[in-house]
Amino acid sequence: MLPGQMQSALGEAAQMLALPGMLGSVVGQVTGALVRALRERHQTVRALAGCTRLADLLEAEPDLDALSYYPHLLAWEISRLPDRKRVTPVILLDTFEDVGDRTRRDLERMIQRVVWLMPNALWVITGRGRLQWADEGLQGQLDFTGLEAWPGLAAADTPYTRTPLPTSSGGWQVLVGDFAPEDCDDYLARRLSRDGQPLIPDALRTVITGRSHGLPLYLDLSVMRFLEIRRTGRIPTSCDFDHDFPALISRTLADLTPDERHVLRSVSLLDAFDIPLATRAAGLTHEAPAMRLIERPFVRENPFGLWPYHLHGLIRSTIQSADDHTDDRWSRSDWQRAAERAFTALGEQWQGGSDRDRLLLVGCLRQSLRLAATHRLELGWLTDAAWAYISDSVWEPIAPPDTDAGAGDRTGPDTAADALVELLSTLTRRQHEHRARTVERLTAVLDTRLLPAGPEEMALYYRAKAYRDTGHSEEARRGYQQVADGNGRLAPAARRGLAHSARLAGDFPTALAAAQTLGWEGRHHRVLGDLKWLQGEPEAAAAAYLAGRTEAEQHGVAGEAAHNQALRALSVAFYDPRQADDEIDLAHQLLATLDLRATTINAAIAALIRDAGDPALDARIQALRTELDITGLTSVAPTLELAAAFHQAVLDDHDALAATISRLREQTQGGDYAYYVDIASFMAGLPLPADHTPPHWLDGEQTTRARWRTLVTTRQNYHR
């Protein structure tokens, strides 16, 4: 559809370009013929006078460099076609990596010039590597560089999994490998068909799609495997595609340098990495191979991650599990040494970071626990990291590593790393499962006798806490005493547990004496606050909890600060509902980023006490009872019933209060929290049975009774 002038002038050149063979062998003939044809038809080409570059092109020396400017003539002529003949040429340049390397860009420079000179054509450039034309650092090697020249080739600000829509910039870069499931299915359905129907059944296409992780190469290899199985006369099944393709490795490694292949195998052991971590894991002294590797499409980037880079999921799993037939394949010892290097590098990153960098701690723990468990490594720095993890009482999820790879038929922990994985996972999961299950898990870990002294102390202490939460007071006391006698890191916390045990049994003077000696490590302010509000002194308790929260904030322990604040809200709710609003809001703010089930329930109980006297409160009380049954937090149930008793005393609902006191007697028949029955009776001004054994109140029974009764009458006056 080109004008006659262009057809005539370029006919001979077009014929030359159609010849087979390498471009370099005919370039002299082509450029010479093209320029000669244009000069001989000087009159004919006057029609091209509006083309601004024509004169310069005719005068230029006819060489390969000049030839790369001639597509401008074609672009100009296309732009002048009438609307009814308007076309958009589509030019596909495949295997673009063959144009050269990072140091020899002569051919790439000419191709880029052609693309630049034809803005009214659609160029589809495919290859193993990203186009780097938007990189300012290539100025001088290429003619047109930078974001201003190629805004669509800039790295995406946020990761995406679907091909983005075209932008006004006219060009964009798509990283192939994350086809959506519907795209995978569409490809498989169209790739093989018979009589217009897909040859691969729906169910099998679903299996292949799920295992492909959206990688086109896997889809193509699966199609070839499907055909290969059919040729044997057998109908392919889903089991036939539970298969690693060694070709994925060979094709992925095809044009990587030896150092790049070494880095790739090393980072396949990591969930995510940055350039220094990849370099250390590979045992290299220079970062250039890692810097080159991250430019490959199978390396994904998440700019918001702790480590920004990660391998495509299928590439990573295949490199680790498929038979590697490459010349530089790794032996089992090579993989083991790489795991040790990666483990050490993660430890160095954590130890070199800030003590309060919780994100770095959790990230290093997750990756290193997987490495240690899978490759049977010594714990090393992981013990200190585990102590740092539990110190804040935050309990971010530590996903149990997949230890199947290389694990044989193991059914339980058989190394210290396995046991530590189970210990930390149990401590995390206890926020979401029944505490009786926590006791079972921790007992199983302790029974393996695989843990060194420090982590074993950790398991003993948290099992004692779980025993206390489930109402097994004697087992809890024994556990606390064992940890306290060991005089390890958790000994102060265990002594606090013993003080709690004395308080639960009603021996308040012993608990008070212990509180004076606990110090910050034993959370002395919280122990004192727990004592004070039980004596009918919630204001003194609130002050103690405030001191505890302040001290926790000074030490940077977020979980302890939130725990003190929830208890402070509970104390304030007894005597000042208006102030309790702010205290409860602050408790929820502190809990927003934490995973503390019992503390969250304490904040909910504080809200019940604040709203005592509201007839609509019964439904909320019942909902919390159900939640406590599910979680197994038996130790919190009496406090909930005490909040219900306060509400019923304010309403003078003696029938409901009698039912609550009956539940309290049933819950406390083991001896712990038995004084809650006394407090509930004090609230309503009811007498105690003659055979009742009172606890050791700090200021005597009558004073304590008067304080609790005053709190109820004050709330009644508030409602009036």
Working note: F343 + C364, criterion side-chain contact (heavy atoms from CB on, under 4.5 Å); need CA distance, chi angles, decisive distance, verdict. CA-CA 9 Å; F343 179 82; C364 289; over 6 Å; no

Without swapping roles, check the side chain of [X] against the backbone of [Y] for a donor-acceptor pair under 3.5 Å.
X    : Y    : result
Y675 : A505 : no
R370 : Q367 : no
Q565 : L586 : no
E553 : A561 : no
S662 : A658 : no
T428 : L424 : yes
T517 : A514 : yes
S368 : L365 : no
R435 : T631 : no

Salt-bridge present ([X], [Y]; N to O < 4.0 Å):
X    : Y    : answer
D678 : R705 : no
R437 : E440 : yes
R376 : D418 : no

Under a 4.5 Å cut-off applied to non-hydrogen side-chain atoms, are R625 and R663 in contact?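 Yes. Closest side-chain heavy atoms under 4.5 Å.
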
Taking atom CD as the centre, does E666 end up with more than 12 heavy-atom neighbours from other residues, nucleotides or ligands that are less than 6.0 angstrom away?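 For E666, atom CD is not crowded (no more than 12 foreign heavy atoms under 6.0 Å).
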
Which residues pass the side-chain contact (heavy atoms from CB on, under 4.5 Å) test with [X], not counting sequence neighbours?
X    : answer
T600 : L591
P577 : R610, R715, Y718
A493 : Y461, L490, R496
S317 : L314

For I605 and V636, run side-chain contact (heavy atoms from CB on, under 4.5 Å): C-alpha distance rounded to whole Å, both residues' side-chain angles, the deciding distance at 0.1 Å, then the answer. CA-CA 10 Å; I605 294 175; V636 184; 3.8 Å; yes

Hey, could you give me the [atom1]/[atom2] distance between [X] and [Y], rounded to the nearest 0.5 Å?
X    : Y    : atom1 : atom2 : answer
T448 : E456 : OG1   : CD    : 8.5 Å
L346 : W381 : CG    : CH2   : 5.5 Å
R707 : D699 : CZ    : CG    : 4.0 Å
L361 : D384 : CG    : CG    : 11.0 Å
L594 : Q589 : CG    : CD    : 12.5 Å
L617 : Q648 : CG    : CD    : 9.5 Å

Begin from the C-alpha positions of D469 and T634 and carry the test side-chain contact (heavy atoms from CB on, under 4.5 Å) through to its verdict. CA-CA 6 Å; D469 290 339; T634 306; over 6 Å; no

With a 3.5 Å cut-off and no angle check, do the side chains of [X] and [Y] form a donor-acceptor pair?
X    : Y    : value
T438 : Y467 : no
T714 : N717 : no
S635 : Y673 : no

Pairs flagged by ring pair (Phe, Tyr, Trp, His ring centres under 6.0 Å) wherever residues 624-658 is involved - sequence neighbours left out: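 Listed by first then second residue: F574-F646.
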
So which pairs with a foot in residues 540-563 pass ring pair (Phe, Tyr, Trp, His ring centres under 6.0 Å), sequence neighbours left out?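 Residue pairs with at least one partner in residues 540-563: W520-H555.
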
Pair listing, salt bridge (Lys or Arg N to Asp or Glu O under 4.0 Å) test, anchored in residues 500-528, at least two apart: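 As it turns out, the salt bridge (Lys or Arg N to Asp or Glu O under 4.0 Å) pairs with a partner in residues 500-528, which skip direct neighbours, are R503-D530, R523-E560, R526-E560.
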
Over all atoms of both residues, closest heavy-atom pair of [X] and [Y]:
X    : Y    : result
A416 : L451 : O-CD2, 4.3 Å
L360 : D357 : N-OD1, 3.1 Å
S391 : V557 : O-CG1, 3.4 Å
H719 : A612 : NE2-O, 2.8 Å
A491 : E457 : N-OE2, 3.7 Å
A373 : V421 : CB-CG2, 4.2 Å

Axial cation check for W533 ring with R568, 6.0 Å and 45° limits: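 Relative to the ring axis of W533, which defines the angle, R568 lies outside at least one limit.
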
Who passes salt bridge (Lys or Arg N to Asp or Glu O under 4.0 Å) against R441, sequence neighbours left out?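 Per chain and number, R441 pairs via salt bridge (Lys or Arg N to Asp or Glu O under 4.0 Å) with E422, E433.
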
For D585, which residues count as a salt bridge (Lys or Arg N to Asp or Glu O under 4.0 Å) partner, sequence neighbours excluded?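 Partners of D585 under the salt bridge (Lys or Arg N to Asp or Glu O under 4.0 Å) test: none.
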
Show, in sequence, the C-alpha distance, side-chain angles and deciding distance for T639 and I601, and conclude whether the side-chain contact (heavy atoms from CB on, under 4.5 Å) test is met. CA-CA 10 Å; T639 306; I601 292 175; over 6 Å; no

Evaluation steps, side chain to side chain donor-acceptor pair (under 3.5 Å), between D485 and Q481: CA-CA 6 Å; D485 292 343; Q481 192 64 58; 2.9 Å; yes

F682 and W697 aromatic ring geometry - parallel, tilted or perpendicular at 30°/60° bounds: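 Because their plane-to-plane angle lies in the 30° to 60° range, the rings of W697 and F682 count as tilted.
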
Apply ring pair (Phe, Tyr, Trp, His ring centres under 6.0 Å) to W708 and Y676, showing your working. CA-CA 12 Å; W708 279 110; Y676 274 20; 9.0 Å; no

Mind checking what makes side chain to side chain donor-acceptor pair (under 3.5 Å) contact with [X], not counting sequence neighbours?
X    : answer
R597 : E627
R463 : T443
D595 : H432

